Structures are given as structure tokens and as C-alpha cells.
Protein chains: 2
Amino acid sequence: MKQPGGIANKLSELGYRLTPQRIMVLSAIEDSDNHISVEEIYAQIVAKYPQVNISTVYRTLELLKRLGLVTETDLGGGRVRYHSAEKGHHHHLVCQECGAIIDLDESVLSSLKDTLLREYKFIAGLRHLAIFGRCVNCSR
Amino acid sequence: MKQPGGIANKLSELGYRLTPQRIMVLSAIEDSDNHISVEEIYAQIVAKYPQVNISTVYRTLELLKRLGLVTETDLGGGRVRYHSAEKGHHHHLVCQECGAIIDLDESVLSSLKDTLLREYKFIAGLRHLAIFGRCVNCSR
DNA sequence: TTTGTATTTGCAACTAGTTTCAATAAAAAC
DNA sequence: GTTTTTATTGAAACTAGTTGCAAATACAAA
Ligand SMILES: [Mn+2]
Ligand SMILES: [Mn+2]
Ligand SMILES: [Zn+2]
Ligand SMILES: [Zn+2]
């Protein structure tokens with residue numbers, strides 16, 4: 001079992017139990033440089049502890065998401081992907097034709113968020129958005 | 001069976017067969033004033049023709065979506081909803097706390113789309129978006 | 001260190017949606 | 001009107017994800 005990082009500390013500070021299962025999910029996300037899928041997280045865990053159930057992984061991700069510690073993004077392909085909220089991140093443009101994924105800076109959605117807050121008094125989530133469409137190569 | 005409307009004509013013009021199943025899915029969407037779920041579409045169909053399979057409904061919706069004849073939106077609650085593309089529509093703000101759904105004019109996303117086209121040469125879909133977050137009442 | 005208890009887990013059953021494949025039927029050809 | 005062709009369908013098996021519940025365990029209290 002790896003050492004729990006920053007997310008683990010926050011979890012126990014908030015009164016949640018630090019189970020081995022949770023620590024393993026956390027480690028998988030923190031150790032991953034890019035967006036990681038449930039399948040990938042579970043594969044890492046099950047290699048060491050085969051008795052762990054995948055529903056526990058789903059439940060842990062649900063918790064981390066709700067607490068704002070990880071973000072969830074649908075990048076296509078029928079499975080969502082996760083990312084540590086601590087690390088800086090991008091939104092993404094996903095080409096539905098060729099599958100290309102273009103990174104988009106956090107700031108691109110700022111003015112939209114501002115408008116929604118100003119004109120609709122609505123605090124938009126939009127923490128890690130993927131926008132589907134067509135890239136320049138595929139739009140001829 | 002109802003008379004096929006504008007969408008049905010387009011379908012057969014594009015060379016797709018006009019089956020009773022497709023016409024029934026189309027009618028359900030065209031007759032609905034608001035966003036309709038697969039469950040609701042299927043309930044209408046099965047009441048008259050119980051042998052129709054729900055996978056046909058899913059396949060028809062997939063086709064209509066791909067052709068740009070209907071839009072799909074995730075308004076929460078674990079089921080997506082559909083809307084005729086011919087009728088004018090709104091995007092939506094969905095409060096994750098109280099469930100309130102606020103309509104948002106088509107134009108609110110225009111400047112975002114413009115930016116993405118100008119700076120990233122990307123044609124964003126964003127045909128019928130739902131943005132999750134917190135409404136003014138729930139953000140205290 | 002042991003005990004108590006509320007939280008968390010594993011398991012199994014469930015949901016929405018997708019896919020494969022043989023049977024059916026819409027539309028074209030005759 | 002009948003035959004032929006090929007798209008479409010129904011059925012069943014499958015995928016990602018969720019949920020209810022009894023058993024297990026993290027952690028606090030003694
Ligand atoms: Mn990202
Ligand atoms: Mn709408
Ligand atoms: Zn592309
Ligand atoms: Zn609200």
C-alpha cells in the first residue's frame with residue numbers, strides 16, 4: 001500500500017474513514033499523469049488485492065467527486081475519466097470524427113461562468129468539461 | 001399510426017426506410033412539447049404495438065441524433081431526454097441541490113462557440129447543453 | 001488492549017444503454 | 001403483382017454504473 005497523499009489527509013480530516021480500498025483509489029488517481037478510467041483504477045487495485053469489489057471503487061469516486069477532490073469528465077468511448085482536483089487541469093475539445101482531444105485552458109470557460117453568475121445568479125460546476133464537435137482537419 | 005411530419009420526410013429523402021417503428025418514435029418526439037425520455041417514448045409505442053423492442057427505439061434515436069434531427073440532453077436523473085431539432089430550443093441550467101431547471105437562450109453559448117471556432121478552429125456541437133451547478137436559492 | 005458502534009464493504013440484483021446475429025420486411029427491380 | 005435485395009428489427013447477451021442489505025472493520029472510547 002502506498003503512502004496516502006494530500007487527498008487522503010483531507011478525507012480523514014472530514015471524518016471519512018481511511019480504508020485500504022480508498023487509499024488505493026486515491027493513489028491510482030494521484031499517481032496518474034492523465035485522466036484515468038475506473039477500469040484502469042480497478043485493474044491496479046485488483047492486481048494486489050483481488051477480493052476488492054469494483055462497486056467500492058465506484059462509491060469512492062462518487063465520494064471524492066462530491067467533496068470536490070477529483071473531477072469527472074466524459075471524453076467519449078463509453079467510460080468517464082477522473083483527475084485529481086489538486087493538479088491544474090484543462091477542459092477539452094473532443095473531435096467526434098477522428099477522436100482527437102485538444103486541451104483547453106481553464107480560463108476559456110470563465111466568461112461563460114461569469115455571465116451565468118451575473119445574469120442567472122447560477123454557480124456553474126463546469127469543473128472539467130469536454131466539448132464534442134469537429135476539429136479543423138475533419139471539418140471539410 | 002400518426003401522420004409522419006417534417007422529420008419523417010427528411011429521413012426517407014436521405015434514403016432511410018420509413019418503418020412503422022421509426023414513425024412512432026418520430027411522432028412521440030414531435031408531439032411532445034418538452035424534453036421526452038426513452039421510457040416515455042417507449043411507453044407510448046408499446047401501448048399500441050407491444051411487440052416493438054426498446055432497442056429499436058434506442059437505435060432510432062441514435063440515428064436521428066447522428067443526422068441532427070433531434071437533440072439529446074442529460075438533465076440528470078439517470079436518463080437522457082430528446083427534443084426535435086426543428087423546434088426552437090433552450091439550453092438549461094440544472095441545480096444539483098433542488099433540481100430546478102432554468103432555461104437558457106440559445107445565444108448564451110454563442111460567444112463560447114465563436115471563441116472555439118476562432119482560436120481553436122473547432123466546430124463545437126453544444127446543440128442542447130445542460131450545465132449543472134447551484135441555483136441562487138441553494139447557494140447560501 | 002479490548003470492546004462498541006457507525007461507517008464501509010462485498011455481493012448480488014438491478015438500471016440505462018449497446019451490440020451481435022438470424023429473421024423480417026421496406027422499397028427497388030422485374 | 002411477384003421476386004429480390006439489403007436495411008432494419010427482435011431477441012438475447014452484454015457493458016458501465018447504481019443500490020439494498022448483511023457482514024466486516026476503522027476508529028473512538030474505555
Ligand atoms: Mn483534463
Ligand atoms: Mn431544452
Ligand atoms: Zn478530427
Ligand atoms: Zn437549487
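All figures in this text were calculated on a predicted structure; none of them were measured in a lab.
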| Check: A/R22 side chain, A/T60 main-chain N or O, donor-acceptor pair, under 3.5 Å | no

| message | Checking the side chain of A/S32 only, and the main-chain atoms of A/I29 only, is there a donor and an acceptor separated by less than 3.5 Å? | response | no

Starting from [atom2] on [N], measure out to [atom1] on [X] and report it in whole angstrom.
| X | N | atom1 | atom2 | answer |
| --- | --- | --- | --- | --- |
| A/I54 | C/dA12 | CD1 | P | 15 Å |
| B/N53 | C/dA16 | CG | P | 15 Å |
| B/Y42 | C/dA16 | OH | P | 13 Å |
| A/I23 | C/dT7 | CD1 | P | 19 Å |
| A/L63 | D/dT19 | CG | P | 14 Å |
| A/L61 | C/dT8 | CG | P | 15 Å |
| B/M24 | D/dT9 | CE | P | 10 Å |
| B/L14 | D/dT8 | CG | C1' | 16 Å |

| message | So that I can tick it off, tell me whether B/K10 and B/E86 are bridged by a salt bridge, with the cut-off set at under 4.0 angstrom between side-chain N and carboxylate O. | response | yes

| query | When you check the gap from the basic side-chain N to the acidic O, do B/R79 and B/E39 get nearer than 4.0 Å? | reply | yes

| query | Is there a side-chain polar atom (N or O) of B/Q21 under 4.0 Å from OP1 or OP2 of D/dG10? | reply | yes

Just compare [options] and give me whichever is closest to any side-chain atom of [X].
| X | options | result |
| --- | --- | --- |
| B/S55 | C/dA16, D/dG10, D/dT8 | D/dG10 |
| A/E62 | C/dA26, D/dT18, D/dA16 | D/dT18 |
| B/T19 | C/dG10, D/dA26, D/dT9 | D/dT9 |
| A/V38 | D/dT8, D/dG17, C/dA27 | D/dG17 |
| B/Y16 | C/dT15, D/dT8, C/dC11 | D/dT8 |
| A/Y58 | D/dG17, C/dA16, D/dG10 | D/dG17 |
| A/R22 | C/dA26, C/dT8, D/dG10 | C/dT8 |

| base_contact_polar (C/dT7 base, A/R17 side chain, donor-acceptor, <3.5 Å) | yes

| Side chain B/R59 and base C/dT20 donor-acceptor under 3.5 Å | yes

Are the side chains of [Y] and [X] in contact, using a 4.5 Å heavy-atom criterion?
| X | Y | value |
| --- | --- | --- |
| A/E72 | A/R127 | no |
| A/V46 | A/V52 | no |
| B/Y49 | B/Q21 | no |

| Between B/H128 and B/H92, does the ring centroid distance fall short of 6.0 Å? | yes

| task | Between A/G15 and B/K65, name the one whose nearest nucleotide on DNA chain C is closer to the 5' end. | result | A/G15

| task | Would you please enumerate the stems DNA chain C participates in, each stem being three or more consecutive Watson-Crick or G-U wobble pairs with both distances under 3.5 Å? | result | C:1-30 with D:1-30

